Number of protein chains: 2
Amino acid sequence: MQDILFDFISKYVSLTEEEKNAIVSLDIFRSVKKGTTLLKEGQKSKESYFVLKGCIRTYYVLDGEEKTTAFYTEMEALTPPCVISKTPSEYYVSCIEDNILLVSNSDMEVEVNAKFPKFDIMCKTLSEELLAKERMDFDEFKTSSPEQRYLNLLQKRPDLIQRVPQHQLASYLGIQPQSLSRLRARIVEKSKE
Amino acid sequence: MQDILFDFISKYVSLTEEEKNAIVSLDIFRSVKKGTTLLKEGQKSKESYFVLKGCIRTYYVLDGEEKTTAFYTEMEALTPPCVISKTPSEYYVSCIEDNILLVSNSDMEVEVNAKFPKFDIMCKTLSEELLAKERMDFDEFKTSSPEQRYLNLLQKRPDLIQRVPQHQLASYLGIQPQSLSRLRARIVEKSKE
DNA sequence: TTCGTTTCTTAACTTAAGTGAACGATTCTA
DNA sequence: TAGAATCGTTCACTTAAGTTAAGAAACGAA
C-alpha cells in the first residue's frame, strides 16, 4: 500500500531510502470505515488527506440540505480550505467507502519540510498543478449545461457514477436529484433514436 | 508602482534590499494597452501575469462564441494552465483595460528561485492559498443559482460589474447575456415591491 | 462627424431545471 | 425480521434559462 504513495511521490521528486523510511516512521497511514466523518462544519483542523484506497467527499449543509461539491479517490489529495485559512471549516468531509488514507498534519509538514527541503518543492509543484486543474474543471463547468456535465463525467470519471449515490452526484453536477434522473432518462431516450 | 508588488510579497516573505533590487533588475514590469491579447488558443507560453493595475480576462472560443471564465484585477496573479502542463493553450488571455503588469517567465523563475529559495516558499504558500480560494469559489458556484451568483458578485466584487462588459460578465456567471439582462430586471422589479 | 459594429435590452417562444408529491426498492436498525 | 428511513424514479406543475429576432444605444474607426 505504501508503494502507491511512493509511486505518486516519484512523479515529483526522487526519494532516498532514508527519506522513505522517515515517511513511513511518521505513521500516517490510517484505515477509515465507510461513513466516518473526518471533518465537521465549524471545526478547526490541520489535517490533509491523501486517498490510497477508497473515496471521500466534501459537502456543505445549506438550508438543511447536503450539497456535495467534490469527490477524492485513489491518488488524489485534499487539504481543506480551513487548514489553509486557519478558520472553522465551512464544510464536512466524510468517507463514502472504506478507506485507506494518508493523514498529514500541517505542523508535521513544517518539520518534515525542514528536514527534507525536497518536500517543499514537491508541494509547490503539486499545488500549482492542482490549481491549474481546478481552474480548468471550473471553466468546463461554467461553459457547459447539466447534461453536458454529466456526459463529461461519464467520459472522465466513469467510476464515480458507479461508486457514488445519485443524489450526491446530482449536487456535484449542480442540479437536483430529480433533474439528474430525468436527464439520464432523456439521454437513454435520445440514444434509442 | 513597484511598491504594490513589494506590499503584496511582504504578506508572504520579507525581502532584503538586495532581493528587491534583484527583482527590479529583472525588468519585468510592462505596460499593456487595452485590447491587447497576451495569449492565444493553440500557443505555447511560459509567462505568468501579476496585475499591478488594470484588468485581464481569460476566455475560450467555443462554437465561435467567446466564453469568459475569469477576470484578474489589481493584486491578482494568473499562471495559465498551459504553462504548467507545457501544452498549447486552450484559451485566450486579453486586456480589458490599459494595464500595468508584471510578466514573469517560468525559466526565469527557476533562476530566481535558485538564487533566493525564499521565493519557492512564497510560491508554495501562494498556490496553496489560491487553490483553497478557487475551490471555495467553485463550490459556491455549484451550490447557487445564476441569480444568487450575480448577487454574490455584487457583494464580493462590485467593481467588476462596473468595469466589465455585460456579455463577458454573463459567461463568467455561466449564463447567456440575455439571461443576465432579464435577471437584473427581475431583481430591480423585486426590490420595488 | 458619420457609418458600421458591438453591446445591451426587450419580447415571444422553446426547452430544461426546480418543486412537491407519490411510489416502489433498497438499506439500516432496533 | 419487521418497521423505519433513505434512495431513485416518475409525474404534473412552476419557474427560469436558452434561443431567435429586433431595435435602441454606445463605441470605434475612417
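Labels below follow one simple rule: chain letters A, B, ... track the order of the sequence lines, proteins then strands, and each chain is numbered from 1. Note that these values count all heavy atoms, side chains included, but never hydrogens, waters or copies made by symmetry. Keep in mind the model is a prediction, meaning the values are calculated, not measured.
Between B/Arg30 and B/Glu47, at least one side-chain N (NZ, or NE/NH1/NH2) sits under 4.0 Å from a carboxylate O, which counts as a salt bridge. Between B/Glu74 and B/Arg157, none of the side-chain N atoms (NZ, or NE/NH1/NH2) sits under 4.0 Å from a carboxylate O, so this pair counts as no salt bridge.
On a pure distance criterion of 3.5 Å, no polar donor-acceptor pair joins the side chain of A/Arg182 and the base of D/dG8.
With B/Phe141 as the aromatic partner, B/Arg149 meets the cation-pi criteria of under 6.0 angstrom to the ring centre and within 45 degrees of the ring axis.
The side chain of A/Pro165 lies closest to D/dG8, out of C/dT9, D/dG28, D/dG8. Distance from the side chain of B/Gln176 is smallest for D/dG18 among the nucleotides D/dG8, D/dG18, C/dC8. Among the nucleotides C/dT10, D/dG8, D/dA17, the one closest to the side chain of B/Leu183 is D/dA17.
For the pair A/Leu169 CG and D/dT9 P, the interatomic distance rounds to 11 Å; values are reported in whole Å. Look at CD on B/Glu65: it is 13 Å from C1' on C/dT6, rounded to the nearest Å. Regarding B/Asp63, its CG atom lies at a distance of 15 Å from the P atom of D/dG18, rounded to whole Å. For B/Arg186 and C/dA11, the CZ to P distance is 15 Å, given to the nearest whole Å. Rounding to whole angstrom units, CG of residue B/Leu173 and P of D/dA17 are separated by 11 Å. Regarding A/Gln178, its CD atom lies at a distance of 14 Å from the C1' atom of C/dA16, rounded to whole Å. Regarding B/Leu180, its CG atom lies at a distance of 12 Å from the C1' atom of C/dT7, rounded to whole Å. Taking atom CD of B/Glu147 as the reference point, atom C1' of C/dA17 lies 15 Å away to the nearest angstrom.
The 5' end of DNA chain C is approached more closely, in terms of each residue's nearest nucleotide, by B/Ser181 than by the other of A/Ile175 and B/Ser181. Mapping B/Ser145 and B/Lys34 onto DNA chain D by nearest heavy atom places B/Ser145 closer to the 5' end of the strand.
Checked against the 6.0 Å centroid threshold, A/Tyr72 and A/Tyr49 do not count as a close aromatic pair.
Considering only side-chain N and O atoms, A/His167 lies under 4.0 angstrom from the phosphate OP1 or OP2 of D/dG8. Remark: A/Ser179 is in phosphate contact with C/dG18, judged by side-chain N or O atoms under 4.0 Å from OP1 or OP2. Contact annotation: B/Arg184 does not reach the phosphate of C/dC8 (side-chain N/O to OP1 or OP2, under 4.0 Å).
Within 6.0 Å of NZ in B/Lys133 there are 12 or fewer heavy atoms belonging to other residues, nucleotides or ligands.
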